[in-house]
Amino acid sequence: SGHDEMRVELIGREAPAGAVPGTLTDQLVAMIPEDLRRRFHFRDQAPREEVLQRFAGATACVFMPDWDNFPYTCCEAMAVGGAVVVSEYSGMAEMVEDGRSGLVVPPRNADRLVEALGGLLEDPGLGRMLGAAAAERIRDLCGAESVLPARIDFYEETIDRREAARKRSVVMSDPTVGT
């Protein structure tokens with residue numbers, strides 16, 4: 001493929017691999033074909049500002065777990081203008097507009113993921129456009145201007161419902177009612 005310069009960087013704290021011996025990094029490295037391992041760089045935790053800079057400067061920020069309903073790291077990548085690629089079975093697929101504010105691909109489909117990444121590698125303008133739209137999209141969905149009024153409305157409605165239920169409970173338990 002014409003992307004011999006592609007590097008994959010994974011940043012995060014090391015963890016045990018679970019039921020199998022070794023670390024998560026050991027397990028990931030074992031899944032990478034030996035001739036491609038030099039392209040993968042595993043880094044321990046990094047300061048938040050550095051991670052955000054890397055998101056903003058990356059060709060693609062890939063978030064493919066199908067079990068994560070609302071990955072904050074993806075929201076952070078979008079907020080700094082990262083071009084995100086997400087799984088269609090994650091919560092992010094509801095937030096990312098495919099082809100407009102990111103790319104949505106089927107989970108466990110390496111061909112579609114390679115296709116999405118190839119498009120971003122071949123067209124840097126596409127990544128910049130998706131990143132700018134991602135930042136706008138996440139602000140619209142999660143910014144204080146939209147979240148706070150909705151949260152306040154929810155709290156007020158909850159308080160009103162609770163007060164109405166309390167009043168009904170008091171009236172129903174009043175022994176003088178109906179005499």
Side-chain angles (χ1 to χ4, degrees), residues 1-13 15 24-25 27-29 31-33 35-37 39-43 45-154:
S1 74
H3 306 295
D4 292 333
E5 72 286 351
M6 187 179 86
R7 283 181 23 152
V8 176
E9 187 166 21
L10 297 120
I11 301 173
R13 181 177 56 227
L24 188 55
T25 300
Q27 295 303 312
L28 291 172
V29 168
M31 290 188 281
I32 301 167
D35 62 321
L36 297 177
R37 288 183 186 165
R39 295 183 185 197
F40 288 77
H41 301 271
F42 294 85
R43 295 215 24 225
Q45 288 180 293
R48 184 173 186 277
E49 287 304 315
E50 180 183 338
V51 173
L52 295 176
Q53 288 173 355
R54 289 181 179 278
F55 284 157
T59 301
C61 302
V62 180
F63 302 95
M64 293 304 294
D66 52 5
W67 48 263
D68 199 342
N69 192 39
F70 193 81
Y72 290 117
T73 51
C74 185
C75 293
E76 290 176 327
M78 291 174 73
V80 296
V84 298
V85 180
V86 303
S87 167
E88 72 180 339
Y89 294 154
S90 74
M92 291 313 299
E94 295 176 22
M95 300 178 85
V96 172
E97 303 154 300
D98 188 29
R100 181 175 167 348
S101 58
L103 300 175
V104 180
V105 298
R108 298 182 188 93
N109 188 323
D111 291 338
R112 292 287 301 277
L113 180 58
V114 167
E115 181 182 311
L117 294 174
L120 290 167
L121 285 166
E122 290 168 13
D123 184 0
L126 173 63
R128 286 190 295 277
M129 185 273 301
L130 292 173
E136 183 179 326
R137 174 79 170 156
I138 205 69
R139 270 191 306 273
D140 288 348
L141 292 173
C142 298
E145 298 80 20
S146 59
V147 171
L148 290 179
R151 182 64 68 189
I152 289 168
D153 288 348
F154 172 78

request  = Please assess Asp98 against Leu103 for the test side-chain contact (heavy atoms from CB on, under 4.5 Å), listing each intermediate value before the final yes or no.
outcome  = CA-CA 5 Å; Asp98 188 29; Leu103 300 175; 4.1 Å; yes
ask   = Which atom names give the shortest non-hydrogen contact between Ser101 and Met78, and what distance separates them?
value = O-CE, 4.4 Å
Check: Leu117 and Val62 side chains under 4.5 Å, non-hydrogen atoms = yes
query = Are side-chain heavy atoms of Val29 and Thr25 found at a separation under 4.5 Å?
reply = yes
ask   = Looking at Ala60 and Leu120, what are the two nearest heavy atoms and their distance?
value = CB-CD1, 3.7 Å
ask   = Do the side chains of Met64 and Val105 get nearer than 4.5 Å, heavy atoms only?
value = yes
request  = Give the minimum heavy-atom separation between Ala135 and Ala79, together with the two atoms involved.
outcome  = CB-O, 3.9 Å
request  = Nearest 0.5 Å please: distance from the CZ atom of Arg7 over to the OG1 atom of Thr59.
outcome  = 10.5 Å
request  = Among Pro71, Cys142, Cys74, Ser90, find the one that has a side-chain contact (heavy atoms from CB on, under 4.5 Å) with Met95.
outcome  = Cys142
key: For the student: nearest non-hydrogen atoms of Ala133 and Arg100, plus distance   = CB-O, 3.0 Å
request  = Step through the shown structure and confirm whether more than 12 heavy atoms of other residues, nucleotides or ligands are within 6.0 Å of OH on Tyr89.
outcome  = no
ask   = Any idea which heavy atoms bring Ser146 and Asp140 closest together, and the distance?
value = OG-O, 2.8 Å
ask   = Counting only heavy atoms not in Asp35, do more than 12 sit closer than 6.0 Å to its CG atom?
value = yes
side-chain contact (heavy atoms from CB on, under 4.5 Å) between Phe40 and Leu28, intermediate numbers included = CA-CA 10 Å; Phe40 288 77; Leu28 291 172; over 6 Å; no
message = Going by side chain to side chain donor-acceptor pair (under 3.5 Å), name the residues that satisfy it together with Thr73, two or more places apart in sequence or in a different chain.
response = none
key: Set of side chain to side chain contact (heavy atoms under 4.5 Å, CB included) partners for Val147, sequence neighbours left out   = none
Student check: side-chain heavy atoms of Ser87 and Met92 closer than 4.5 Å = no
ask   = Do you know the tightest heavy-atom contact between Ile138 and Cys75?
value = CD1-SG, 3.9 Å
task = First locate atom CG of Leu126, then atom CG of Leu121, and finally report the distance between them rounded to the nearest 0.5 Å.
result = 10.5 Å
Ignoring hydrogens and angles, write down the donor-acceptor pairs under 3.5 Å from the side chains of residues 49-56, residues two or more places apart or on other chains.
from, atom 1, to, atom 2, distance (Å)
Glu50, OE2, Arg43, NH1, 2.7
Glu50, OE2, Arg43, NH2, 3.0
Glu50, OE2, Arg54, NE, 3.2
Glu50, OE2, Arg54, NH2, 3.4
Arg54, NH1, Glu9, OE1, 2.8
Arg54, NH1, Glu9, OE2, 3.4

message = With heavy-atom distances below 4.5 Å as the criterion, would you say the side chains of Arg37 and Ile32 are in contact?
response = yes
inquiry  = Parallel, tilted or perpendicular, judged at 30° and 60°: which one describes the rings of Phe70 and Tyr72?
reply    = perpendicular
